[in-house]
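Data block below; observations after.
Since we're looking at a predicted model, the values are computed, not measured. Computation of the quantities below employed the complete heavy-atom set of this structure, encompassing side-chain atoms and omitting hydrogens, waters and symmetry-equivalent molecules.
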Amino acid sequence: MTSVARLPQDSMHLRVKRKGTTMFILCYPEQEVIEVKRKIGKIVGREPTTFRLMYKDVVLSDDATVRAQQISPNDVVQLAYKLDGSEQYEKIEFDDLDRLHAEHEAKIKAASSPR
């Protein structure tokens, strides 16, 4: 990776989700995905080779930068662990809070409308 001055105003947060867990990871647009995976690996206690990151159903390339993967601040990136003894990864599962909120609002609206 080329040496790039990293200033606080250049940083961004990614929301990394796996099942019922969300992590907020501080990174930089010019940072390589493998560096982000190393941070996540320290948090979850796993080697970066034992999981992958996905954004909009696309596996993120370790040697590409966050910016090159078209990821913006506060975007949701999914984390999937490699299945034990396999080259397969677990199915992506996380709670879509925006969808859950919309469903809740629709129920409230339906319950309050006259019959």
Side-chain angles (χ1 to χ4, degrees):
M1 183 181 138
T2 58
S3 180
V4 176
R6 295 184 175 161
L7 303 173
Q9 64 267 26
D10 297 331
S11 67
M12 60 189 273
H13 283 92
L14 296 181
R15 288 186 288 168
V16 179
K17 292 186 174 238
R18 178 180 177 266
K19 299 190 177 184
T21 303
T22 302
M23 294 174 271
F24 291 86
I25 305 296
L26 179 69
C27 66
Y28 297 88
E30 299 308 323
Q31 196 168 18
E32 290 181 348
V33 171
I34 189 64
E35 291 182 53
V36 176
K37 286 178 68 175
R38 286 186 191 117
K39 280 186 181 183
I40 294 168
K42 287 180 183 178
I43 293 168
V44 299
R46 295 179 72 106
E47 289 296 317
T49 57
T50 64
F51 62 89
R52 69 181 178 189
L53 298 176
M54 297 184 67
Y55 178 65
K56 296 185 178 179
D57 297 323
V58 175
V59 177
L60 300 183
S61 174
D62 286 350
D63 57 353
T65 65
V66 172
R67 183 187 312 274
Q69 299 288 317
Q70 306 294 310
I71 301 171
S72 300
N74 293 314
D75 278 350
V76 175
V77 175
Q78 294 87 29
L79 169 64
Y81 290 161
K82 191 179 278 189
L83 298 174
D84 290 335
S86 170
E87 289 301 311
Q88 300 292 317
Y89 290 86
E90 65 189 3
K91 182 178 178 256
I92 296 292
E93 295 178 26
F94 67 94
D95 292 332
D96 184 345
L97 297 181
D98 293 330
R99 181 186 53 79
L100 292 173
H101 176 72
E103 289 173 0
H104 177 72
E105 291 294 315
K107 284 181 187 177
I108 290 173
K109 186 175 180 180
S112 66
S113 62
R115 296 183 189 238

Query raised in the report: Looking at CZ of Arg38 and CD of Glu32, how far apart are the two atoms once the value is rounded to the nearest 0.5 Å?
Result: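 One gets 8.0 Å once the value is rounded to the nearest 0.5 Å.
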Report task. Mind checking the NZ-CD spacing from Lys19 to Glu90? Nearest 0.5 Å is all I need. Result ->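 If I round to the nearest 0.5 Å, the distance is 5.0 Å.
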Hydrophobic cluster membership, [X] vs [Y], 4.5 Å side-chain cutoff:
{"X": "Ile34", "Y": "Met54", "value": "no"}
{"X": "Ile43", "Y": "Val66", "value": "yes"}
{"X": "Leu26", "Y": "Val77", "value": "no"}
{"X": "Tyr81", "Y": "Val16", "value": "yes"}

For [X] versus [Y], what's the shortest heavy-atom pair and its separation?
{"X": "Ser72", "Y": "Leu14", "result": "O-CD2, 4.1 Å"}
{"X": "Gln31", "Y": "Cys27", "result": "OE1-CB, 3.0 Å"}
{"X": "Ser61", "Y": "Asp63", "result": "OG-OD1, 2.6 Å"}
{"X": "Ile71", "Y": "Tyr55", "result": "CG1-CD2, 3.8 Å"}
{"X": "Met12", "Y": "Pro29", "result": "SD-CG, 3.7 Å"}
{"X": "Gln69", "Y": "Ala64", "result": "NE2-CB, 2.9 Å"}

Requested in this report: Return the set of residues passing salt bridge (Lys or Arg N to Asp or Glu O under 4.0 Å) with Lys82 (not counting sequence neighbours), or none when no residue passes.
Outcome: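 So Lys82 forms a salt bridge (Lys or Arg N to Asp or Glu O under 4.0 Å) with Glu87.
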Query raised in the report: For Leu53 and Leu79, what are the C-alpha separation, side-chain angles and deciding distance, and is it a side-chain contact (heavy atoms from CB on, under 4.5 Å)?
Result: CA-CA 5 Å; Leu53 298 176; Leu79 169 64; 3.9 Å; yes
Report task. Determine yes or no for a side-chain-to-main-chain donor-acceptor pair under 3.5 angstrom, with Arg18 supplying the side chain and Ala80 the backbone. Result ->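 No; judged by distance alone, with no hydrogens or angles, the pair does not exist.
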Report task. Establish, yes or no, whether the cationic atom of Arg52 lies under 6.0 Å from the six-membered ring centre of Tyr89 and within 45° of the ring axis. Result ->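 Checked: cation-pi criterion met.
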